[in-house]
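Structure record follows, encoded as structure tokens.
Side chains are part of it too, since the values below use all heavy atoms of this structure and drop only hydrogens, waters and symmetry mates.
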Amino acid sequence: MSTTQSFPIEKKSKNSSITVSQHVVEIVSDSGEGAQKAGQSFGSISAKMGNGVWTVEIIPAEIQPPARSRAGASGIRIRVGSEKVTNMGDHANLVVALNEQVLYGRIAQDAYTKGTVILLENKWASKNREEYSAALADFNTKGFKVIEIPMEAECMKYVSDAKKGKNMWVLGMLCQIYNRDVTKAEDQIKEVFKKKSEKVFEDNVNLLHGGYNWAKENLDLNFEIPPLENAGDHIVMNGNEAMAMGVMAAGIEVCAMYPITPATSISHKLAECFENAGGIIHQAEDEIAAIGFAIGSSYAGKTALTVTSGPGLALKTEFIGLAVMAEVPLVIIDVQRGGPSTGLPTKVEQGDLLAVLYGEAGDAPKIIIAPGTIEECFHFAILARKLAEKFRTPVFILSDTNLATGVSPFPRPKINAESFASPIDQSAWDKNVSPYDWDPQTGVSKRPIPGQKDGMYTLTGLAHDEHSKVAYEPETNQKSSEARSRKIAAVLQTLKPPVVNGDDSGDLLVVGWGSTKGAIEEAVATARKTGMKVSSLHLHFLSPMEPGLEDIFKKFKKVKTVELNYSDTIGDPLITKKNRRYAQLAWVLRAHTLVDVDCYSNVFGQPINPSKVLDMIKEELKIKN
């Protein structure tokens, strides 16, 4: 046992439960110890009990980093509250650590603060005595409250290999600490291990109860987090699962993909149940083949889907241009991650906006939408299919790692017939209507479907006229380009100006997109309570840009985006206001509105938290404290 100061196991006293409005909990470990599974289960149980929940997975970039390494921390953060939770929060209140070294990876990311409680596996006190003792002394100087716990020894009472069961023992311990419903926990274990044997299920239930009972007898830690009032009927899932369910609700029947982190679990979820909705998953030999298959499927009559992330997006670029030129409806989900190249495969970034806008050769306009919540991931899949078919064009959904893996409850969607794609029109085609009979006002044309009588036409990526005949005449290329661009203007006519969160005028407007929504709005709410004249605006349409932005921006003294992509910092070597590279949305907004939009961004690979946004707001408004 360590000789440095730590807190001994405390026998639980009666009536010691403390009611809190929220808590941030982390489980950190080496890779392969099941921390994510335990944390997602804890989050799901809490959501089913009526709490607001948001989870963030902590995943090292390497598949199998060295054990007990600071850079190899693997785990999960779970924020549980009595109100709706929209982001990961700030510093953790309680951490379960399966070794002391992985904590340093999180300390470097400012995840903990003075008073954070750490429940630490104590087997390393004898196995790695010097490292363990030094770490405990360091944690003590940082103000953390460390409680050493014999997790492995307790788990060995139920299974022969503690590594294969410690996560469920930890889940039981957390259920006791936070007064979670054990029956719901058992149901969650049944769901998690539904493809395993009855023996595996029983072992894990025993571990759950073991951790619960041990904590009940030995820990003086007990918190009550009341549920939301009138929570209603909710479902619990992560963003990729919500996207998959939205795909089925949209009536899409083909998903062609190639596995890539962090997008692959969309296809995993679809593979579980897509056949029940009449759909098929096609795993192609590579990213290029996947989008080619999807375009072919869409050309055959029903809009198809392809799923990817940054590196796959780069490979799909030429085929995206084909879909634009040939005006083939297509839904493309891009779950963004750190770049460029293979970059940060498991880390969050919003780095693909400019690539999606401008990545193809020539002028290739397309529709781009970005959900800001897990609930919106579901509904935007339906919206994307409708837009693709209505305007005969590719539609991008820009998600990111934070949305993809984060678990949160949202109201159960009501599905109706309007959500689904219409049956393929097989009536005879009017011979007098060309396959690209562009409406002079909207650029939209009705699409012939293979199999329609007299509806045959040649699909080409070459410049073509309204009859789909290859044509290189200057006027023809100008006319077709105008029609494709005009469709984006036609989409704009269907949109309403975005609603400002807060006052319509003030000192600062914070603009965001994607998964930064929750952190921005929480920070703005905190700032406004102290009298700061700050509001926020969250954009969901990025092409076309939502209307009225210039008028909205002009009512504020300063406009600043918050983004998870790179921007230069004025004052860094060689960087001036004239040569500074802005964050991606800021760059687009500056060009679109001619307003001097500033930006606050980073590429740390971590979701942004409310306190960082609040610090930026205070700095902009020159408020000290």
Side-chain angles (χ1 to χ4, degrees), residues 247-256 274 277-280 282 291-306 319-332 365-367 381-395 416-473 475-477 479-491 493-494:
V247 167
M248 290 189 287
I252 294 172
E253 295 180 357
V254 173
C255 173
F274 209 14
I280 63 166
H282 173 70
I291 190 171
F293 189 98
I295 290 172
S297 298
S298 287
Y299 172 68
K302 297 200 77 172
T303 301
L305 163 75
T306 189
F319 261 138
I320 294 169
L322 171 63
V324 172
M325 175 65 93
E327 301 186 45
V328 176
L330 181 67
V331 175
I332 305 168
K366 74 281 290 182
I367 299 170
I382 300 171
L383 175 62
R385 194 273 303 162
K386 290 182 176 181
L387 289 169
E389 292 177 356
K390 176 69 175 177
F391 295 96
R392 198 176 173 184
T393 191
V395 177
N416 53 53
E418 293 181 359
S419 301
F420 296 104
S422 301
I424 296 174
D425 184 3
Q426 288 294 280
S427 61
W429 183 261
D430 185 346
K431 292 182 180 181
N432 297 317
V433 178
S434 61
Y436 295 100
D437 187 22
W438 296 301
D439 184 290
Q441 292 297 314
T442 66
V444 177
S445 58
K446 187 179 178 182
R447 181 167 70 113
I449 303 298
Q452 284 186 288
K453 185 180 180 182
D454 299 322
M456 295 75 72
Y457 71 103
T458 301
L459 189 80
T460 178
L462 291 168
H464 55 266
D465 61 17
E466 60 266 34
H467 302 292
S468 197
K469 302 296 184 182
V470 175
Y472 300 134
E473 293 80 12
E475 295 80 6
T476 301
N477 193 53
K479 180 181 179 181
S480 63
S481 296
E482 288 172 352
R484 290 189 294 272
S485 181
R486 199 161 294 152
K487 289 190 288 186
I488 305 303
V491 176
Q493 296 302 307
T494 70

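Counting only residues at least two apart or on different chains, no side chain to side chain donor-acceptor pair (under 3.5 Å) pair has a member in residues 456-466.
Take W438 and apply the side-chain hydrogen bond (donor to acceptor under 3.5 Å, both in side chains) test, not counting sequence neighbours, and it matches E327. Legend: residues meeting side-chain hydrogen bond (donor to acceptor under 3.5 Å, both in side chains) with D425, ordered by chain and number and at least two apart, are S427. Checked against side-chain hydrogen bond (donor to acceptor under 3.5 Å, both in side chains), R447 has no partners two or more places apart in sequence or in another chain. Residues satisfying the side chain to side chain contact (heavy atoms under 4.5 Å, CB included) test with A326, not counting sequence neighbours, are L322, V328, Y436, L459.
One finds the CE atom of M456 at 13.5 Å from the CD1 atom of I449 (value rounded to the nearest 0.5 Å). The structure places CD of E389 at 8.0 Å from CD1 of I252, a figure rounded to the nearest 0.5 Å. Here I320 contributes atom CD1 and I291 contributes atom CD1; the two are 4.5 Å apart, rounded to the nearest 0.5 Å. Annotation: the span from T494 atom OG1 to L387 atom CG amounts to 7.0 Å, rounded to 0.5 Å. One distance of note links CE of M325 with OG of S480; it measures 6.0 Å at 0.5 Å rounding.
Looking at S445 and R392, their side chains come closer than 4.5 Å, going by heavy atoms from C-beta outward.
With hydrogens and angles disregarded, no donor-acceptor distance shorter than 3.5 Å links the side chain of S485 to the backbone of S481. Using a distance-only test at 3.5 Å, with no hydrogens or angles considered, no donor-acceptor pair links the side chain of T476 to the main chain of Y472. Under a 3.5 Å cut-off, the side chain of R484 and the backbone N or O of T393 do not form any donor-acceptor pair. With hydrogens and angles ignored, the 3.5 Å screen pairs a side-chain donor or acceptor of K487 with a backbone N or O of F391.
Shown here is K386, whose NZ atom has more than 12 heavy atoms of other residues, nucleotides or ligands within 6.0 Å.
Pairing each heavy atom of A250 with each of I382, the nearest pair is CB-CA, 3.7 Å. The minimum heavy-atom distance linking F274 with V247 is given by the pair CZ-CG1, 4.3 Å.
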Could you go through residues 293-302 and list every donor-acceptor pair under 3.5 Å that involves a side-chain atom there, pairing it with any protein atom two or more places apart or in another chain?
residue, atom, partner, partner atom, Å
S297, OG, F293, O, 3.0
S298, OG, A294, O, 3.3
S298, OG, A304, N, 2.8
S298, OG, P329, O, 2.8
K302, NZ, E253, OE2, 2.9

